[in-house]
Number of protein chains: 2
Amino acid sequence: MRLPANVNWSFMTRPTHTNQSPLKELSLGAIVELLRANGMRITKNRMQILDTLLRASKPLSLDEIQRRARVAGDAPDYATVFRVMTLLESLQIAQKVHLNRPCSYYELVNPQQHYDHIICTECGRVTLMIDSCPVERVERKIGKQYGFSEIRHSLEFFGKCPECT
Amino acid sequence: MRLPANVNWSFMTRPTHTNQSPLKELSLGAIVELLRANGMRITKNRMQILDTLLRASKPLSLDEIQRRARVAGDAPDYATVFRVMTLLESLQIAQKVHLNRPCSYYELVNPQQHYDHIICTECGRVTLMIDSCPVERVERKIGKQYGFSEIRHSLEFFGKCPECT
DNA sequence: ATACATGCAAACATTTTGCTTTGGC
DNA sequence: GCCAAAGCAAAATGTTTGCATGTAT
């Protein structure tokens, strides 16, 4: 059952930067403050990427983030987008979402609100579930029953959306 | 909100082979029968891969499937493993599981039983949740509230397992 | 002035495909 | 014998890194 020990699994969720001050609300100001508090510099690229993520109504791929972060024909390098997203992920400001596609999609984590996704298997449209999360209660049960701690989850629904039916 | 129309999303879940007879139980016999019913040939490679998947107690990567399907020093080609898994996926006999790792992991779909996963963020160990699925009720709600049909879901929990705590 | 962030290019890992040969039916 | 499946090799895709240069602090 145990996977190979020589594999480094830590990159999955463990922050590479110790994040002492968790995000209080999902706003540009709060994020900038948190970056500063962690010794990160506020650059034009980072502002444009954060602005893009805040405007997005669905998870974005690195490619989409790069294209949307373009200002006056000037887009950040792909590697920069990658590094910024890796950074935001490690600070638990952003997270990956699994859409059953060959590349990764990212969204900002809203500490106030948890949303799960419904992905149309026909057109790929992503709908956010605004309902209260159906599994939060289960997380507590897992802690007790299986002895896990620091539990997070990833939940996606797939189906045919009304327009594709 | 709508994603680019020129993208082909269908590969995500839509079977490429029309599967007329859904699996009744998760056994080698039932799967072979289903393959035959869909005009697929029964080969040594396919038998070894199916046997591997049936024995597995956790989702396996293509690489792991190939290594485990080895019989007398003779392993199926990696491309063959890939094609067989794509086939099984399209017939909805197998499915991908997202473990937040750079490659895909597969498991057989048990029509009798649905299991969700708990993945340790430290050691990568995968635990199956044998409890009744916490979100089946939600699926019905999504049908009504959002108008989706043919709803499936993917649910993974992440946390520190007892031994890693 | 210093150290972090960036752009560019190259390396890497994984997935996917083309094509010829093999083998199930 | 026919056509699907397999093996091999190469291409395509997406992710990640090294290093020289730029820039926030």
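Naming convention: chains lettered A, B, ... in sequence-line order (proteins, then strands); numbering from 1 in each chain.
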Determine the contact category for A/Asn45: base if any of its heavy atoms lies under 4.0 Å from a base atom, sugar-phosphate if only primed atoms, P, OP1 or OP2 are that close, otherwise nothing. sugar-phosphate
Quick check on DNA chain D: between B/Asp74 and B/Gly39, whose nearest nucleotide comes earlier from the 5' end? B/Gly39
Check: protein-nucleotides 17-22 of chain D nitrogen or oxygen pairs below 3.5 Å:
| residue | atom | partner | partner atom | Å |
| --- | --- | --- | --- | --- |
| D/dG18 | O6 | A/Arg83 | NH2 | 3.3 |

With a 4.0 Å cutoff (strictly under), does any side-chain N or O of B/Thr43 reach OP1 or OP2 of D/dA6? yes
Length of the CD-C1' vector between A/Gln66 and C/dC8, whole Å: 13 Å
Any sub-3.5 Å donor-acceptor pair from A/Thr52's side-chain atoms to A/Gln48's backbone N or O? yes
Could you check B/Arg36 against B/Asp63 and say which one's nearest nucleotide on DNA chain C is further toward the 5' end? B/Asp63
Just by distance, do the side chain of A/Arg125 and the backbone of A/Cys161 share a donor-acceptor pair under 3.5 Å? no
Using the side-chain contact (heavy atoms from CB on, under 4.5 Å) rule, pick out the option among B/Leu88, B/Leu87, B/Val32 that qualifies with B/Met40. B/Leu87
Before you tell me yes or no, could you show the steps for B/Ser154 and B/Arg152 under side-chain contact (heavy atoms from CB on, under 4.5 Å), namely the whole-Å CA-CA distance, both residues' side-chain angles and the distance that decides it to 0.1 Å? CA-CA 7 Å; B/Ser154 165; B/Arg152 295 181 306 97; over 6 Å; no
Looking only at side-chain N and O atoms, does A/Ser104 come under 4.0 Å of OP1 or OP2 in D/dT15? yes
All side-chain hydrogen bond (donor to acceptor under 3.5 Å, both in side chains) counterparts of A/Arg83, not counting sequence neighbours: none
First of A/Cys103 and B/Val84 reached from the 5' end of DNA chain D, by closest nucleotide: B/Val84
In whole angstroms, the gap separating P of D/dT15 from CD of A/Glu64 amounts to 12 Å
Are any of B/Tyr78's side-chain N or O atoms less than 4.0 Å away from OP1 or OP2 of D/dG7? no
Test side-chain hydrogen bond (donor to acceptor under 3.5 Å, both in side chains), reference B/Glu107, set B/Lys58, B/His117, B/Lys96, output is B/His117
Starting at atom CD1 of A/Ile65, determine the distance to atom C1' of D/dG14, rounded to an integer number of angstrom. 14 Å
Considering non-hydrogen atoms only, spot the tightest contact between A/Leu99 and A/Phe158 and give its length. O-CE2, 4.0 Å
Rounding to an integer number of Å, can you tell me how far A/Arg46 CZ sits from C/dG7 P? 11 Å
Atom pair distance, as rounded to whole Å: NZ in A/Lys44 and C1' in C/dC4: 17 Å
Look at the side-chain N and O atoms of A/Thr80 and state whether any lies under 4.0 Å from the OP1 or OP2 oxygen of C/dG7. yes
Is the backbone of B/Met47 close enough, under 3.5 Å, to the side chain of B/Asp51 for a donor and an acceptor to pair up by distance? no
How long is the line joining CG of B/Leu35 and P of D/dA4, in whole Å? 15 Å
Could you state the CG-P distance from B/Leu60 to C/dT14, rounded to the nearest angstrom? 15 Å
Give a yes or no on whether the backbone of A/Ser61 and the side-chain of A/Glu64 come within a donor-acceptor separation of less than 3.5 Å. yes
What does the inter-axis angle of the helix from C/dA1-D/dT25 to C/dC25-D/dG1 come out as, five pairs per end, nearest 10 degrees? 40°
Can you tell me how far P of D/dA4 sits from CG of B/Leu87, to the nearest Å? 13 Å
Heavy-atom check, side chain of A/Val135 versus side chain of A/Asp116, under 4.5 Å: no
